[in-house]
*Asks:* 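I have a structure here, written as structure tokens, and I will follow up with some questions on it.
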Amino acid sequence: MNYFRLILDRVKTELMALQTAGTIPAGLDFANVGIDPPKDPRHGDVSTNAAMVLAGPAKMKPRDIAVPLAERLKAHDDTELVEVAGPGFINLRMKPDFWPKRVVEAMEAGADFGRSDLGRAKGRVNVEFVSANPTGPMHVGHARGAVFGDALASLLEFTGHDVTREYYVNDAGAQVDVLGRSAHLRYREALGDAIGEIPTGLYPGEYLKDVGEGLVELFKGQYRNAPESAWLEPVRDFAIAEMMGEIRDDLDLMGVRHDVFTSERGLVKEGKVDAALKRLRDKGLIYEGVLEPPKGKEPDDWEPRQQTLFKATEFGDDIDRPVQKSDGSWTYFATDIAYHDDKIRRGFKVLINVWGADHGGYVKRMEAVVAALSDRQVALDTKLCQLVKLMDRGQPVKMSKRAGTFVTLRDVVERVGKDVVRFIMLTRRNDAPLDFDYAVVTEESRENPVFYVQYAHARCSSVLRNAARDLPALDISPLSLRKADLSRLTHSDELALMKCIASWPRAVEQAAEAHEPHRIAFWLRDLASHFHTLWSRGKEEEGLRFLIEGDPELSRARLALVRSCALGLSVGLRVLGVTPVEELR
RNA sequence: GCGCCCAUAGCUCAGCGGAUUAGAGCGUUGGCCUCCGAAGCCAAAGGUCGCAGGUUCGAAUCCUGCUGGGCGCGCCA
């Protein structure tokens, strides 16, 4: 249970009671009434701004609302202290037995601790992520978007959203034709032709050699000297399929899965581009026109051109955007319109796009498209992931496609493991650049958040193992621990740990609402820190150790706390797709 | 030139739909293992939250302008 929500509901109920009693005017909007943890824990466990927010609309002094509201809040028997502070905040401190109850709830919920139905009313959510072009293997940069999207999707599922994970395959356009030509060259090479240097404009990567050999197996020599018009399509399609196979293998390696792969070529073939543009046309949002050149940075070859434009400016974009090339084919933007139209028509109410930061310039126009096509009924949130800088002991790892010193996603995962990659990718906000240092992420110290959190989990597991070994008479089954007398846990550090565990349901909900999975990683680090603190207390004071030989009931209570902590760590890690470990070796 | 993102402790970063004395890690200094895993813990020092205005009883948080950095800017996806 999210206890903040409990208190918030209570505050609103009491406000209504005050309205009934005539203490405050009727008809006030409680939407801005909020509940927060005070910055300073001495101010209590929760704080509400109710009196501050309502003072204006009610035309009253904050304290004149706060004082009677506080009186009413005092009447609840789980609350120890209610204070009006400063200009009119109300601080509440819960009774000590409030926290053990939250811990028991956690144990009862088990792996579902913190799960909620927050998203049930929001409609189906589509998370589109990775969508790397099928022209080569994935590199480290792709890993961030992959992990972010996958973790965000899990987070939304955990909070009750109906989520589809989707990959948009850019298998139309010039880039895949280049892939086809590059593959044909490797095919001739595999047949024994001398191909010399790879011409500029084609993909030089060695990874296409396998594709060349595959083509030989499939087509033998039939396209060796044939004109491009004969082989481009079959060769290209084969190469795309091969590349997508590799990409899916790489994603699999990181535990990332997609439910749906949508093909750009398929959209075009099925006439969905025409259909989507017709819809826009019917709304009067497509016209023939000439764009002004960009001010200050006019391209050398600029010439005014009549083109087919979408009225993006009507929906907040800076300029209208072209949808058709001069040769009559669609721009990438046109197929993207079709793709988003398709998503809308499949019934999604929330669209989330995970893109690299270099696509930031497309955000506004896509928002415009989604607003136009859905009559502003569908929300689009585009999350931009900043670059990942690969480092080793503080030095940047040099990468160049040409020189072949190109670090693939597979290289990194094989070197440090999927759990490390996943966690580290989430230790920064998506819109902040991230340094990924091989040395640091494999280091076994506090500086490395993966190990810090895993270490806490391993220590929890270790205590539980020791308990089974050293106190065989003690029943530490989940059922028994649930019934432990947690009122024996009175030390401030024990309380702090309980409170942190109890904060999990709110933490997940907030992370989900903000579409920010990194918050889970920070919460995990916080929980781990509370646990390590408590652990060390036991080093200083024997009475604070988890296992107390002469006091089985106290031991049981402490083990229940340890179990709950392990539970919080493992549930949080699993939301991020990281496997909790019971031992570090 | 325009748009988007960013600017918080020496370094790397949380916090940012306002609210009571701004947080963490690293680094620095000093402590804690006969004892549940020291891969850890505790303490000290360190900040006019880029600058200047504005809204507000109250701004790191919202608005405007500026400075500095990243990304992008008509037929590349």
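Throughout, a chain's letter reflects where its sequence line sits, starting with A, and its residues are numbered from 1. What you see below is based on every heavy atom in this structure, not just the backbone, and it leaves out hydrogens, waters and symmetry mates. Please read all numbers here as calculations on a predicted model, not as lab measurements.
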*Asks:* Please work out if A:Pro134 contacts a base, only the sugar-phosphate, or nothing of the nucleic acid, heavy-atom cut-off 4.0 Å.
*Replies:*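 If one applies the 4.0 Å heavy-atom cut-off, A:Pro134 turns out to touch nothing in the nucleic acid.
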*Asks:* With heavy atoms under 4.0 Å as the rule, sort A:Gly360 into base, sugar-phosphate or nothing.
*Replies:*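 Contact class for A:Gly360: none.
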*Asks:* Please state whether the phosphate of B:C71, meaning OP1 or OP2, lies under 4.0 angstrom from any side-chain nitrogen or oxygen of A:Trp355.
*Replies:*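 Negative; the distance criterion is not met.
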*Asks:* Could you let me know what B:A59 is paired to, Watson-Crick or G-U wobble, both distances under 3.5 Å, or none if it's on its own?
*Replies:*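 B:A59 is paired with nothing.
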*Asks:* Give the rounded distance in Å between these two atoms: NZ of A:Lys364 and P of B:G74.
*Replies:*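 Taking NZ of A:Lys364 and P of B:G74, I get 15 Å after rounding.
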*Asks:* Name the nucleic acid region contacted by A:Glu83, choosing base, sugar-phosphate or nothing; use a 4.0 angstrom heavy-atom cut-off, strictly under.
*Replies:*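 Nothing, no nucleic acid heavy atom in range.
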*Asks:* Pairing check on B:C16: which nucleotide meets the Watson-Crick or G-U wobble criteria with it, both distances under 3.5 Å?
*Replies:*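 Pairing partner: none.
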*Asks:* What is the separation between atom CG on A:Asp327 and atom P on B:G74, rounded to the nearest whole Å?
*Replies:*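 Going from CG in A:Asp327 over to P in B:G74 covers 17 Å.
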*Asks:* Need one value for A:Gln454: base, sugar-phosphate or nothing, where a base atom within 4.0 Å counts as base even if backbone is also close, heavy atoms only.
*Replies:*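 Contact class for A:Gln454: none.
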*Asks:* Nearest of B:C35, B:A14, B:U20 to any side-chain atom of A:Ser47?
*Replies:*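 Among the listed nucleotides, the one closest to the side chain of A:Ser47 is B:U20.
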*Asks:* Could you please name the option among B:U20, B:A39, B:G40 that lies closest to any side-chain atom of A:Leu584?
*Replies:*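 For A:Leu584, the side-chain atoms sit closest to B:A39.
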*Asks:* Can A:Phe89 be said to stack with the base of B:U20, given centres closer than 5.5 angstrom and planes under 30 degrees apart?
*Replies:*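 The base of B:U20 is stacked with A:Phe89 (centres under 5.5 Å, planes under 30°).
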*Asks:* Among A:Thr331, A:Asp320, A:Val369, which residue meets the side-chain contact (heavy atoms from CB on, under 4.5 Å) test with A:Phe310?
*Replies:*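 Testing A:Phe310 for a side-chain contact (heavy atoms from CB on, under 4.5 Å) against A:Thr331, A:Asp320, A:Val369 leaves exactly one candidate, A:Val369.
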*Asks:* Which part of the nucleic acid, if any, lies within reach of A:Glu583 when heavy atoms closer than 4.0 Å are counted: base, sugar-phosphate only, or nothing?
*Replies:*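 Base, at least one base atom sits under 4.0 Å.
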*Asks:* Would you please say whether a donor-acceptor pair under 3.5 Å links the side chains of A:Asp431 and A:Gln386?
*Replies:*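 No, no side-chain donor-acceptor contact under 3.5 Å.
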*Asks:* Which one, B:G3, B:C36, B:G15, comes nearest to the side chain of A:Arg519?
*Replies:*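 Among the listed nucleotides, the one closest to the side chain of A:Arg519 is B:G15.
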*Asks:* Side chain of A:Ala458, heavy atoms from C-beta onward: which of B:C42, B:G37, B:U20 has the nearest atom to it?
*Replies:*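 Looking only at heavy atoms from C-beta outward on A:Ala458, the closest nucleotide is B:G37.
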*Asks:* Would you kindly give the CG-to-P distance between A:Asn448 and B:C13, to the nearest whole Å?
*Replies:*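 Those two atoms, CG and P, are 16 Å apart.
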*Asks:* Under a 3.5 Å cut-off for both contacts, is B:G40 paired Watson-Crick or G-U wobble with anything, and if yes, with which nucleotide?
*Replies:*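 B:G40 is paired with B:C32.
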*Asks:* Where the side chain of A:His518 is concerned, which of B:G15, B:G74, B:C76 is the nearest nucleotide?
*Replies:*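 From the listed options, B:G15 comes nearest.
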*Asks:* So, A:Arg506 and A:Glu509, do they make that salt bridge, N to O below 4.0 Å?
*Replies:*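 Result for this pair is no, no salt bridge flagged.
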*Asks:* Please give the distance between the C1' atoms of B:C51 and B:A14 as a whole number of Å.
*Replies:*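 Straight-line distance between the two C1' atoms is 23 Å.
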*Asks:* For B:U55 and B:G68, measure between their C1' atoms and round to the nearest Å.
*Replies:*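 Looking at atom C1' only, B:U55 and B:G68 are 26 Å apart.
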*Asks:* Consider the side chain of A:Met52, meaning its heavy atoms from C-beta on, and name the nucleotide among B:A14, B:C57, B:G37 that approaches it most closely.
*Replies:*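 The closest nucleotide is B:C57.
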*Asks:* What nucleotide among B:A77, B:U20, B:C75 has an atom nearest to a side-chain atom of A:Ser326?
*Replies:*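 Between B:A77, B:U20, B:C75, the one nearest the side chain of A:Ser326 would be B:C75.
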*Asks:* Is the ring centre of A:Tyr452 less than 6.0 Å from the ring centre of A:His532?
*Replies:*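 Yes; A:His532 has its ring centre under 6.0 Å from that of A:Tyr452.
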*Asks:* Looking at the angle O4'-C1'-N9-C4 for a purine or O4'-C1'-N1-C2 for a pyrimidine, is B:C11 syn or anti, with syn meaning within 90° of 0?
*Replies:*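 For B:C11, whose glycosidic angle is more than 90° from 0, the conformation is anti.
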*Asks:* Both distances below 3.5 Å, Watson-Crick or wobble geometry, any strand: find the nucleotide opposite B:C26.
*Replies:*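 B:C26 is paired with B:G10.
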*Asks:* Do any side-chain nitrogens or oxygens of A:Arg537 fall under 4.0 Å of OP1 or OP2 in B:C36?
*Replies:*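 The answer is no; no side-chain N or O of A:Arg537 sits under 4.0 Å from OP1 or OP2.
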*Asks:* Would you mind telling me which residue lines up with the more 5' stretch of RNA chain B, A:Asn430 or A:Val46, judged by nearest nucleotide?
*Replies:*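 Closer to the 5' end of RNA chain B: A:Asn430.
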*Asks:* Measure from NZ on A:Lys539 to C1' on B:C42 and round the result to the nearest Å.
*Replies:*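 It is 15 Å, rounded to the nearest whole Å.
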*Asks:* A:Thr308 pairs by side chain to side chain donor-acceptor pair (under 3.5 Å) with which of A:Lys325, A:Arg321, A:Gln324?
*Replies:*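 The side chain to side chain donor-acceptor pair (under 3.5 Å) with A:Thr308 is passed solely by A:Gln324 among A:Lys325, A:Arg321, A:Gln324.
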*Asks:* Any chance you could lay out the side chain to side chain donor-acceptor pair (under 3.5 Å) test for A:Thr135 and A:Asn133, step after step, and finish with the verdict?
*Replies:* CA-CA 5 Å; A:Thr135 55; A:Asn133 290 344; 5.1 Å; no
*Asks:* Between B:C49 and B:C16, how far apart are the two C1' atoms, rounded to whole Å?
*Replies:*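 Nearest-Å result for B:C49 against B:C16 at atom C1': 11 Å.
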*Asks:* Would you kindly give the CG-to-P distance between A:Leu291 and B:C73, to the nearest whole Å?
*Replies:*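 The answer, rounded to whole Å, is 15 Å.
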*Asks:* Taking atom P in both B:U8 and B:G18, compute the distance separating them and give it to the nearest angstrom.
*Replies:*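 The same atom, P, in both gives a distance of 23 Å.
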*Asks:* Nearest heavy atom decides the nucleotide; on that basis, is A:Leu534 or A:Ala432 closer to the 5' end of RNA chain B?
*Replies:*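 With A:Leu534 and A:Ala432 compared, the 5'-side residue is A:Ala432.
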*Asks:* Determine whether the aromatic ring centres of A:Phe129 and A:Phe148 lie less than 6.0 Å apart.
*Replies:*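 Between A:Phe129 and A:Phe148, the centre distance exceeds or equals 6.0 Å.
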*Asks:* To the nearest angstrom, how far is A:Lys61 atom NZ from B:G58 atom P?
*Replies:*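 To the nearest whole Å, that distance equals 17 Å.
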*Asks:* If you check the A:Lys325 side chain, which of B:A77, B:A38, B:C6 turns out closest?
*Replies:*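 Nearest to the side-chain atoms of A:Lys325, counting from C-beta on, is B:A77.
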*Asks:* Is the shortest side-chain N/O distance from A:Thr533 to OP1 or OP2 of B:C42 below 4.0 Å?
*Replies:*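 Checking A:Thr533 against B:C42: at least one side-chain N or O falls below 4.0 Å of OP1 or OP2.
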*Asks:* Students often get this wrong, so: under 4.0 angstrom with heavy atoms, is A:Phe522 touching a base, only sugar-phosphate, or nothing?
*Replies:*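 Answer is sugar-phosphate: A:Phe522 comes under 4.0 Å of backbone atoms only.
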*Asks:* Between C1' on B:A7 and CG on A:Asp431, what's the gap in Å once rounded to a whole number?
*Replies:*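 Atom CG in A:Asp431 sits about 12 Å away from atom C1' in B:A7.
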*Asks:* Is A:Thr335 touching bases, backbone alone, or none of the nucleic acid, heavy atoms closer than 4.0 Å?
*Replies:*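 No contact.
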*Asks:* Choosing from B:C13, B:G37, B:G72, which nucleotide comes nearest the side chain of A:Arg428?
*Replies:*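 Taking heavy atoms from C-beta onward, the closest nucleotide is B:C13.
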*Asks:* Answer with base, sugar-phosphate or nothing: what part of the nucleic acid does A:Arg525 contact at a heavy-atom distance below 4.0 Å?
*Replies:*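 No contact.
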*Asks:* Any donor-acceptor pair, under 3.5 Å, between the side chain of A:Arg459 and the base of B:G37, if you only look at N and O atoms?
*Replies:*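 For A:Arg459, whose side chain was compared with the base of B:G37, there is no donor-acceptor pair (under 3.5 Å).
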*Asks:* Determine the interatomic distance between C1' on B:G47 and the same-named atom on B:C42; round to the nearest Å.
*Replies:*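 B:G47 and B:C42 have their C1' atoms separated by 23 Å.
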*Asks:* Centroid-to-centroid, A:His457 to A:Phe531, below 6.0 Å?
*Replies:*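 Centroid separation for A:His457 and A:Phe531: 6.0 Å or greater.
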*Asks:* Taking atom types as modelled, find out whether A:Glu83 and A:Asn91 have a side-chain donor-acceptor pair closer than 3.5 angstrom.
*Replies:*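 Looking only at side-chain atoms, A:Asn91 and A:Glu83 do not form any donor-acceptor pair under 3.5 Å.
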*Asks:* Rounded to whole Å, please give me the gap between CG in A:Asp336 and C1' in B:C75.
*Replies:*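 Between C1' of B:C75 and CG of A:Asp336: 15 Å.
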*Asks:* So does A:Tyr452 reach the base of B:C26 with its side chain, donor to acceptor, closer than 3.5 Å?
*Replies:*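 Between B:C26 and A:Tyr452, which were checked side chain against base, a qualifying N/O pair under 3.5 Å is absent.
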*Asks:* So does A:Tyr362 reach the base of B:A77 with its side chain, donor to acceptor, closer than 3.5 Å?
*Replies:*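 Under the 3.5 Å cut-off, the side chain and the base do form a donor-acceptor pair.
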*Asks:* Name the closest nucleotide to the A:Gln386 side chain, picking from B:G70, B:G15, B:U20.
*Replies:*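 When the side chain of A:Gln386 is considered, B:G70 is the closest of B:G70, B:G15, B:U20.
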*Asks:* Between the base of B:U12 and the side chain of A:Asp435, is there a donor and acceptor pair under 3.5 angstrom?
*Replies:*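 Per atom types, no contact qualifies.
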*Asks:* Pick from A:Asp341, A:Asp342, A:Thr335: which one makes a side chain to side chain donor-acceptor pair (under 3.5 Å) with A:Lys272?
*Replies:*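 That would be A:Asp342.
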*Asks:* Applying the Watson-Crick and G-U wobble criteria at under 3.5 Å, what pairs with B:C2? Answer none if nothing qualifies.
*Replies:*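 Paired with B:C2, as far as the under-3.5 Å criterion goes, is B:G72.
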*Asks:* Just to be sure I understand the rule, does A:His359 reach a base, reach only the sugar-phosphate, or reach nothing, if contact means heavy atoms closer than 4.0 Å?
*Replies:*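 Answer is base: heavy atoms of A:His359 come under 4.0 Å of a base.
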*Asks:* For A:Pro433, report the nucleic acid contact type (base, sugar-phosphate, nothing); a contact means any heavy atom under 4.0 Å.
*Replies:*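 Answer is sugar-phosphate: A:Pro433 comes under 4.0 Å of backbone atoms only.
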*Asks:* Expressed as a whole number of Å, how far does the C1' atom of B:G27 sit from that of B:U12?
*Replies:*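 After rounding to an integer number of Å, I get 11 Å for this pair.
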